[in-house]
Amino acid sequence: MASLEEQNQPKLVDGRARNIVNLRISVTDRCNFRCTYCMPADNVEFMHRDKLLTFEEITRIVQIASGMGICRLRLTGGEPLMRKDLPVLIRMLAEVEGIEDIAMTTNAFFLKEHAETLKEAGLQRLNISLDALDPEKFRHVNRKDCLNEVLEGIKIAADVGFKSIKINAVAIRNFSETEIMRLVEMGRSDGFEIRFIEFMPLDSDQTWERDKVLFGHEIVDFIRKKYELIPVENSLEIGPASEYNFADGKGRVGIITAVSNPFCDHCNRIRITANGKLRTCLFSTHETDLKELIRGGASDEDIIKTIRGAVLNKEPGHKINLDDFERPHRAMHAIGG
Ligand code: SAM
Ligand code: SF4
């Protein structure tokens with residue numbers, strides 16, 4: 001297939017000249033965990049099954065988007081492994097011309113049974129959520145008592161040989177302090193980059209307050225009490241994390257300062273919810289319905305035009321730190337983190 005330039009097609013660029021190459025695809029809003037920073041403890045109203053994009057519909061969107069310059073995909077949710085036959089979708093996406101990278105974010109619970117099939121299907125990279133290594137703290141924050149299953153899932157995934165496995169921990173004040181060094185030591189000994197993500201106001205329970213965020217600079221200070229850290233140059237231009245190498249050469253940590261120092265200026269991603277709504281920002285309060293378009297018989301040209309129009313109006317950045325900040329109507333599990 002000819003390159004975008006050869007086809008004379010403009011890339012997918014927003015109104016602030018940000019070149020969009022990343023698409024995050026939520027495949028379900030369901031989850032077997034109930035993390036306090038994401039979902040309510042009970043009475044969750046899930047999307048109706050026939051409202052979910054089918055694998056064929058997701059693949060069509062990806063085919064169209066790849067023709068517009070999207071080359072990196074991340075599957076997420078809810079818990080993506082709650083979606084039946086996920087490897088089938090991965091295989092379909094891996095065959096789409098122009099897709100160079102397929103990653104997934106998961107809580108690792110089901111990796112024990114699926115890691116190998118996922119890799120064989122074409123999944124290249126994993127981000128695994130793990131907030132605490134203390135079993136009681138794990139149970140408290142994830143509202144599920146299964147640290148051992150998660151650690152086993154991580155081990156099996158590591159043995160399968162993915163291109164990269166990163167561990168994500170949400171950083172919450174008066175909770176994460178005891179876990180930072182435990183996670184850092186695990187990362188150093190087992191060869192994982194640990195990334196701390198500042199707690200964002202996307203929890204269903206709406207208990208978020210600025211005082212509950214453990215800030216990135218505090219985490220860096222914490223780690224520096226024991227280890228010398230060398231900042232990786234320009235890491236924020238490549239991804240959402242400010243990255244640091246351990247001076248002794250034993251790996252790397254990442255800090256995602258989504259609240260205290262957002263990376264919006266370099267944001268190159270868009271998202272699709274499990275029910276087919278295009279979101280141009282994690283914090284969007286407006287969505288574009290691609291599912292209705294597809295189910296209404298829209299042509300590829302119509303869909304291209306709609307995606308381009310939405311991306312042109314991509315939000316300059318989130319407004320968490322401004323007085324007129326408005327929470328998105330959806331919580332994290334229904335957006336796709
Ligand atoms: N269930 C999978 C998991 O937990 O890895 C994928 C979906 S989850 C919504 C994606 C990521 O969002 C996870 O790394 C999770 O820790 C993060 N996340 C969820 N709610 C968050 C919040 N309020 N602030 C910061 N990160 C959050
Ligand atoms: Fe589930 Fe992931 Fe949300 Fe936790 S963060 S409740 S594992 S979707």
Side-chain angles (χ1 to χ4, degrees), residues 24-42 44 46-47 73-83 86 103-111 114 118 123 125-132 138-147 149-150 153-154 157 165-173 175-176 179 183 192-210 212-216 219 239-241 254-260 262-263 269 271-274 279 282-283 318 320 325 327-328 330-337:
R24 298 196 153 209
I25 303 166
S26 174
V27 292
T28 180
D29 60 340
R30 287 166 198 259
C31 189
N32 55 326
F33 287 16
R34 292 288 183 272
C35 304
T36 53
Y37 49 73
C38 178
M39 288 181 85
D42 38 40
V44 194
F46 292 113
M47 293 168 190
L73 305 177
R74 174 172 298 278
L75 302 178
T76 182
E79 172 48 45
L81 291 172
M82 294 283 283
R83 181 84 185 244
L86 194 69
M104 181 174 81
T105 307
T106 174
N107 63 29
F109 185 88
F110 298 109
L111 280 181
H114 294 303
L118 291 164
L123 187 71
R125 298 185 303 113
L126 279 178
N127 281 10
I128 294 176
S129 300
L130 175 61
D131 307 302
F138 182 99
R139 192 188 60 75
H140 170 80
V141 77
N142 302 115
R143 295 193 184 115
K144 192 161 167 90
D145 193 3
C146 62
L147 175 62
E149 286 88 334
V150 165
I154 294 174
I165 298 182
K166 290 178 184 165
I167 308 275
N168 289 341
V170 177
I172 305 167
R173 189 174 300 286
F175 174 84
S176 306
E179 304 311 299
L183 288 162
F192 303 126
E193 176 175 336
I194 308 285
R195 306 199 312 175
F196 296 97
I197 311 174
E198 289 176 353
F199 176 27
M200 294 182 277
L202 291 166
D203 52 323
S204 300
D205 292 343
Q206 305 211 2
T207 63
W208 183 90
E209 290 168 14
R210 178 168 288 276
K212 291 187 179 166
V213 183
L214 185 61
F215 291 117
I219 297 169
I255 313 284
I256 302 183
T257 52
V259 177
S260 65
F263 67 100
R269 51 179 71 168
R271 305 177 131 79
I272 299 179
T273 65
R279 296 177 62 87
L282 186 53
F283 289 89
H318 71 59
I320 300 176
F325 172 66
R327 262 177 172 270
R330 294 170 186 267
M332 191 62 136
H333 72 102
I335 296 174

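None of these values were measured; they are calculated from a predicted model. The basis for the numbers below is simple: all heavy atoms, side chains too, and nothing from hydrogens, waters or symmetry mates. In listed order, ligands and their atoms are each counted from 1.
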Under a 4.5 Å cut-off applied to non-hydrogen side-chain atoms, are Ile197 and Tyr37 in contact?
no
Do Met332 and Asp203 have side-chain heavy atoms sitting under 4.5 Å apart?
no
Lys212 with Asp205: basic N within carboxylate O range, under 4.0 Å:
no
Can you find a pair of side-chain heavy atoms, one from Arg34 and one from Val44, that are under 4.5 Å apart?
yes
Note every protein N or O atom lying under 3.5 Å from an N or O atom of ligand 1, pairing the names and giving the distance.
| unit_1 | atom_1 | unit_2 | atom_2 | d |
| --- | --- | --- | --- | --- |
| ligand 1 | 1 (N) | Gly78 | O | 3.0 |
| ligand 1 | 1 (N) | Glu79 | OE1 | 3.2 |
| ligand 1 | 4 (O) | Ser129 | OG | 3.2 |
| ligand 1 | 5 (O) | Thr106 | N | 3.4 |
| ligand 1 | 5 (O) | Thr106 | O | 3.2 |
| ligand 1 | 5 (O) | Ser129 | OG | 2.5 |
| ligand 1 | 14 (O) | Ser129 | OG | 2.9 |
| ligand 1 | 20 (N) | Tyr37 | O | 3.4 |
| ligand 1 | 23 (N) | Tyr37 | O | 2.9 |
| ligand 1 | 23 (N) | Met200 | O | 2.9 |
| ligand 1 | 24 (N) | Met200 | N | 2.9 |

Do the side chains of Ser176 and Phe196 get nearer than 4.5 Å, heavy atoms only?
no
Among all residues two or more places apart in sequence or in another chain, which pass the side-chain contact (heavy atoms from CB on, under 4.5 Å) test with Asp145?
Arg139
Can you name the atoms of ligand 2, numbered from 1 with element, that are less than 4.0 Å from a heavy atom of Tyr37?
5 (S)
Check whether any side-chain heavy atom of Phe215 lies under 4.5 Å from a side-chain heavy atom of Val259, and answer yes or no.
yes
Which atoms of the protein, restricted to N, O or S, are nearer than 2.8 Å to atom 1 (Fe) of ligand 2?
Cys31 SG
A side-chain contact here means heavy atoms from C-beta on lying under 4.5 Å apart; do Pro80 and Met104 qualify?
yes
Side chain proximity check, Thr207 to Thr36, heavy atoms < 4.5 angstrom
no
State which residues pass ring pair (Phe, Tyr, Trp, His ring centres under 6.0 Å) with His318; sequence neighbours excluded, sorted by chain then number.
Phe283
